[in-house]
Amino acid sequence: MDAKARNCLLQHREALEKDIKTSYIMDYMISDGVLTVSEEEKVKNEPTRQQKAAMLIKMILKKDNYCYISFYKALLQEGYKDLAALLHGGIPVLSSSNGKDSLVGVTSYVKTVLCEGGVPQRPVVFVTRKKLVHAIRQKLLKLDGEPGWVTIYGMAGCGKSVLAAEAVRDHTLLEGCFPGGVHWLSVGKQDKSGLLMKLQNLCTRLDQDESFSQRLPLNIEEAKDRLRILMLRKHPRSLLILDDVWDPWVLKAFDNQCQILLTTRDRSVTDSVMGPKYVIPVESGLGKEKGLEILSLFVNMKKADLPEQAHSIIKECKVVECCHWRIRTDLLHKWNQS
Ligand SMILES: Nc1ncnc2c1ncn2[C@@H]1O[C@H](COP(=O)(O)OP(=O)(O)O)[C@@H](O)[C@H]1O
Ligand SMILES: [Mg+2]
């Protein structure tokens with residue numbers, strides 16, 4: 001934790017210990033992923049309310065900036081506005097260079113929602129693309145709870161699917177805009193029967209307890225109707241993510257008054273569907289800095305500590321301008337293993 005944050009906590013320790021009730025605050029911090037259940041137990045085992053508070057603060061002092069922020073937010077949430085105000089001055093600025101700031105929105109709530117929705121996890125070696133992720137989130141916010149389409153498009157391998165998954169990996173966005181959750185569907189290139197199967201699978205997923213129908217839809221039209229009812233009645237205010245859409249006709253089956261995020265190589269796929277549409281183009285060029293960032297992650301070294309050769313490797317692999325993410329990462333992976 002930053003010295004400033006730590007000092008602020010120490011300075012106001014007494015006031016905090018005197019006033020706070022720990023149980024709801026800890027619930028909040030656990031769901032933020034900054035406190036464990038066994039730590040909660042330890043606090044609960046203290047005999048008095050004040051000793052519980054003292055134990056919690058002692059733990060927070062040993063933790064990082066994210067924990068401080070979560071504690072601050074919990075105070076606000078639980079009605080301790082005055083105490084939160086005391087801590088406000090100590091709120092640490094999260095560095096953008098270590099990529100950790102994007103983790104702050106990844107709470108256990110987010111993890112659960114994304115896992116249930118079948119959203120793929122981050123690649124093992126991952127670099128943030130803050131501007132693009134921000135642009136996608138802004139468009140999703142623009143949907144404002146109304147049906148509409150947000151399209152991420154760009155050439156194969158430029159990172160669209162990773163970006164789509166990253167965009168929804170955020171507590172505030174999920175809670176505020178899509179409290180009904182998200183549902184990820186890998187579409188790909190399909191013929192009619194392939195699409196019907198995808199739709200049937202989706203309907204089954206959305207109707208786990210079979211409260212709407214026991215029988216699978218028999219054709220695309222029926223599946224479209226079923227999907228509409230399921231989204232409307234069982235999963236209102238949720239986001240459907242259609243990954244890798246190839247053909248405009250496929251989208252007709254989803255043109256159902258839903259909120260949809262989709263990835264595609266073809267910008268025109270949404271031309272004939274109804275409702276507001278927003279697009280985010282993804283360039284394939286990565287930039288030298290991101291290339292170095294990936295390289296540093298692969299070899300587990302700080303960017304600044306990379307040897308001189310790193311720059312020429314990036315140039316030689318043409319990782320700066322020409323290759324796709326996949327080729328770039330494969331090349332770097334090979335280099336790392338050699
Ligand atoms: N932000 C990222 N950080 C690290 N690797 C990435 C990132 N985005 C993409 N990749 C790599 O590139 C590959 C292709 O990305 P993907 O999102 O599947 O591309 P697209 O959907 O545009 O075809 C991924 O499997 C991953 O290995
Ligand atoms: Mg993809």
Side-chain angles (χ1 to χ4, degrees), residues 96-103 105-106 110 114 117-137 139-140 149-170 182-190 194 198 239-247 250-251 254 260-270 279-301 303 306 310 313-314 317-337:
S96 61
S97 58
N98 61 9
K100 237 188 157 185
D101 57 342
S102 57
L103 288 179
V106 189
V110 172
L114 300 196
V119 176
Q121 295 186 336
R122 280 182 179 154
V124 181
V125 171
F126 171 76
V127 292
T128 55
R129 299 173 90 184
K130 273 174 64 176
K131 276 193 193 152
L132 280 166
V133 170
H134 179 71
I136 300 165
R137 287 187 184 151
K139 305 290 186 213
L140 290 171
W149 309 78
V150 175
T151 304
I152 305 172
Y153 83 93
M155 60 194 287
C158 70
K160 301 181 294 295
S161 304
V162 172
L163 280 167
E166 200 51 30
V168 290
R169 201 166 278 126
D170 184 80
V182 298
H183 317 285
W184 182 283
L185 185 70
S186 302
V187 181
K189 188 163 175 57
Q190 296 298 343
K198 291 273 172 194
L239 178 73
L240 194 54
I241 307 178
L242 304 177
D243 186 38
D244 199 21
V245 176
W246 282 59
D247 302 294
V250 166
L251 282 192
F254 299 92
I260 293 183
L261 171 65
L262 67 102
T263 77
T264 180
R265 298 169 208 187
D266 175 3
R267 191 190 167 140
S268 66
V269 284
T270 54
V279 287
I280 297 107
V282 180
E283 302 288 330
S284 52
L286 177 60
K288 187 176 164 195
E289 284 310 308
K290 286 283 170 197
L292 285 172
E293 205 174 317
I294 290 201
L295 191 52
S296 71
L297 286 168
F298 263 117
V299 296
N300 204 12
M301 272 171 97
K303 235 184 344 183
L306 285 172
I313 283 166
I314 287 190
C317 294
K318 296 196 170 57
V319 287
V320 180
E321 297 295 339
C322 311
C323 306
H324 297 170
W325 280 84
R326 194 185 298 282
I327 301 171
R328 262 179 233 137
T329 43
D330 283 354
L331 279 170
L332 292 170
H333 195 53
K334 276 190 201 120
W335 176 75
N336 187 32
Q337 286 174 334

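Numbering starts at 1 and runs along the sequence shown. In listed order, ligands and their atoms are each counted from 1.
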ask   = Is there an N/O/S atom in Ser161 that lies less than 2.8 Å from the Mg ion (ligand 2)?
value = yes
Geometry only, no angles: is [X] polar-contacting ligand 1 at N/O separations under 3.5 Å?
| X | answer |
| --- | --- |
| Leu163 | no |
| Arg129 | no |
| Pro123 | no |
| Val162 | yes |

inquiry  = I'd like the name of whichever of Ala165, Ser161, Ala164, Cys158 reaches closest to atom 18 (O) of ligand 1 through any heavy atom.
reply    = Ser161
message = Testing Val282, Val168, Ile280 one by one against Ile136 for a side-chain contact (heavy atoms from CB on, under 4.5 Å), which residue passes?
response = Ile280
task = Determine the sole option in Thr263, Leu251, Leu261, Val250 for which the side-chain contact (heavy atoms from CB on, under 4.5 Å) test with Leu242 is passed.
result = Leu251
key: Atom of Leu262, atom of Trp149 and distance for their closest heavy-atom approach   = CD2-CE3, 3.7 Å
request  = Test His183 against Ile241 for side-chain contact (heavy atoms from CB on, under 4.5 Å), laying out the working first.
outcome  = CA-CA 6 Å; His183 317 285; Ile241 307 178; over 6 Å; no
task = For residues Leu185 and Asp243, determine if any side-chain heavy atom of one lies less than 4.5 Å from a side-chain heavy atom of the other.
result = no
ask   = Could you go step by step and tell me if Ser268 and Asp266 meet the side chain to side chain donor-acceptor pair (under 3.5 Å) rule?
value = CA-CA 5 Å; Ser268 66; Asp266 175 3; 2.7 Å; yes
task = Please confirm whether Thr263 comes under 4.0 Å of ligand 1, counting heavy atoms of the residue only.
result = no
remark   = In ligand 1, the atoms that come under 4.0 Å of a heavy atom of Gly157 are 19 (O), 20 (P), 22 (O), 23 (O)
